[in-house]
Amino acid sequence: MKIRVSVLGLILSILATTGIATANSLVQMDVRKSGSDALNMTFMTSESDAGNVIVRKKSDNKYVLLIPKVSSENYKSQILSSSVREVVSDVDVKNVDDGANGYTKVTLITTKPLEISATTKKAVAGDNKEYKNVLANAPKQAATTTPLVAKTASATPAKNIKQVAAMTKPAVSTAKPTVTKT
């Protein structure tokens, strides 16, 4: 995961310095239920100045969010939490090139009418859900380690020392070398 984040950062910095891609990019979308009939959406972007998110209610179950000056060209959709999936049945993220700065259009289809609030903020490595999941699911190391001596331990410490010494001694051959004359 660290490699993916590092490679992404390297690519973004190369593109930014060459002028190929100077747009603010959508990195992550965080959707949380803030009440039984409310959603709080946070859009993490590569730059800090993304502007305001425009939320438009198209019908009781369809909402369109517009994020000006933010590109979602390389954005990969994420899995929503089970509590959010109860009220959101579909999320569509599209990049719109309007010839100026472009914008990201997010369409939400919901199971019931909702109040939706949305903000943007600059993404940092710690905000990345995948990064957090990798850390959370990493195997925990044992608090104490068992020394090698304990596996071969005998009743007396003197024998333990001899056993450890025997394990660490290099094998020495006692055979005489043979010399052949040509």
Side-chain angles (χ1 to χ4, degrees), residues 1-140:
M1 204 62 215
K2 282 184 177 181
I3 294 171
R4 180 190 284 178
V5 173
S6 299
V7 170
L8 178 63
L10 178 64
I11 291 170
L12 288 175
S13 64
I14 290 171
L15 293 176
T17 57
T18 59
I20 295 172
T22 56
N24 194 1
S25 298
L26 180 62
V27 176
Q28 180 180 337
M29 179 174 62
D30 186 25
V31 183
R32 296 177 191 242
K33 237 175 138 176
S34 56
S36 62
D37 294 333
L39 285 180
N40 184 7
M41 300 182 72
T42 304
F43 297 97
M44 274 59 125
T45 59
S46 59
E47 302 295 324
S48 58
D49 184 26
N52 293 329
V53 179
I54 302 162
V55 180
R56 305 238 184 226
K57 183 175 182 177
K58 295 295 186 177
S59 69
D60 280 346
N61 295 27
K62 184 176 181 179
Y63 300 85
V64 175
L65 293 86
L66 305 174
I67 313 166
K69 301 178 188 175
V70 174
S71 169
S72 60
E73 216 168 34
N74 298 321
Y75 175 74
K76 292 184 181 181
S77 63
Q78 298 166 324
I79 298 172
L80 300 174
S81 68
S82 59
S83 64
V84 172
R85 285 193 309 252
E86 291 174 0
V87 293
V88 176
S89 59
D90 188 35
V91 179
D92 183 40
V93 179
K94 289 186 180 176
N95 186 55
V96 180
D97 184 9
D98 63 357
N101 293 321
Y103 60 93
T104 292
K105 178 180 177 181
V106 179
T107 305
L108 291 176
I109 306 297
T110 62
T111 58
K112 61 183 180 179
L114 298 173
E115 288 293 321
I116 298 176
S117 62
T119 59
T120 60
K121 76 175 193 175
K122 183 175 181 176
V124 294
D127 285 337
N128 190 328
K129 281 184 182 177
E130 291 177 10
Y131 179 73
K132 286 181 180 178
N133 286 339
V134 167
L135 292 178
N137 294 325
K140 305 286 186 247

Item checked: S117 (side chain) donor-acceptor with N40 (main chain) under 3.5 angstrom -> no
Next item on the list: Please report the closest heavy-atom contact between V84 and V31, naming both atoms and the distance.
Entry: CG2-O, 3.4 Å
Note to self: How long is the straight-line distance from CD of E73 back to CG of D97, given to the nearest 0.5 Å?
What the structure shows: 8.0 Å
Note to self: With a sphere of 6.0 Å drawn around NZ of K94, does it hold more than 12 non-hydrogen atoms of other residues, nucleotides or ligands?
What the structure shows: no
Notebook entry, point to check: Sub-3.5 Å donor-acceptor pair from the side chain of S46 to the main-chain atoms of S25, do we have one?
Noted result: yes
Next item on the list: Go through Q78 and D30 one step at a time and tell me if the side-chain contact (heavy atoms from CB on, under 4.5 Å) criterion holds.
Entry: CA-CA 9 Å; Q78 298 166 324; D30 186 25; over 6 Å; no
Check: Which atoms form the tightest heavy-atom contact between V106 and F43, and what is the distance?
Finding: CG2-CE2, 3.9 Å
Next item on the list: Kindly indicate, with the supporting measurements, whether the criterion side-chain contact (heavy atoms from CB on, under 4.5 Å) is fulfilled by T104 and Y75.
Entry: CA-CA 10 Å; T104 292; Y75 175 74; over 6 Å; no
Note to self: So which atom in A118 and which in L65 form the shortest heavy-atom distance, rounded to 0.1 Å?
What the structure shows: CB-CD2, 3.7 Å
Margin query: Counting only heavy atoms from other residues, nucleotides and ligands, does the tally under 6.0 Å from NZ of K33 exceed 12?
Written below: yes
Note to self: Could you check whether E47 pairs with K69 (Lys NZ or Arg NE/NH1/NH2 to Asp/Glu carboxylate O, under 4.0 Å)?
What the structure shows: no
Next item on the list: Drop me the distance from T42's OG1 to R32's CZ, to the nearest 0.5 angstrom.
Entry: 7.0 Å
Checklist line | Side-chain heavy-atom pair E115, D37 within 4.5 angstrom cut-off | finding: no
Note to self: Looking at every non-hydrogen atom in both residues, tell me the closest pair between V96 and K105 and how far apart they are.
What the structure shows: CG2-CB, 4.1 Å
Check: In Å and rounded to the nearest 0.5 Å, what is the CG to CD1 distance from N52 to I54?
Finding: 8.0 Å
Notebook entry, point to check: Crowded around R56 CZ? As in, over 12 foreign heavy atoms under 6.0 Å?
Noted result: no
Note to self: So, applying side chain to side chain contact (heavy atoms under 4.5 Å, CB included) with S89, which one of I109, L108, L80 is it?
What the structure shows: I109
Item checked: Between OG on residue S71 and OH on residue Y103, distance to nearest 0.5 Å -> 13.0 Å
Check: Stepwise, does the side-chain contact (heavy atoms from CB on, under 4.5 Å) test hold for N61 with K112?
Finding: CA-CA 6 Å; N61 295 27; K112 61 183 180 179; 5.6 Å; no
Item checked: Reported CD1-to-OG1 distance for the pair I67 and T45, which is rounded to 0.5 angstrom -> 8.5 Å
Check: How about V70 and L26: do any of their side-chain heavy atoms sit closer than 4.5 Å?
Finding: yes
Notebook entry, point to check: Which distance, rounded to the nearest 0.5 Å, do you find between the CZ of R85 and the CD1 of I79?
Noted result: 7.5 Å
Next item on the list: Show your working on side-chain contact (heavy atoms from CB on, under 4.5 Å) between M29 and M44 and close with a plain yes or no.
Entry: CA-CA 6 Å; M29 179 174 62; M44 274 59 125; over 6 Å; no
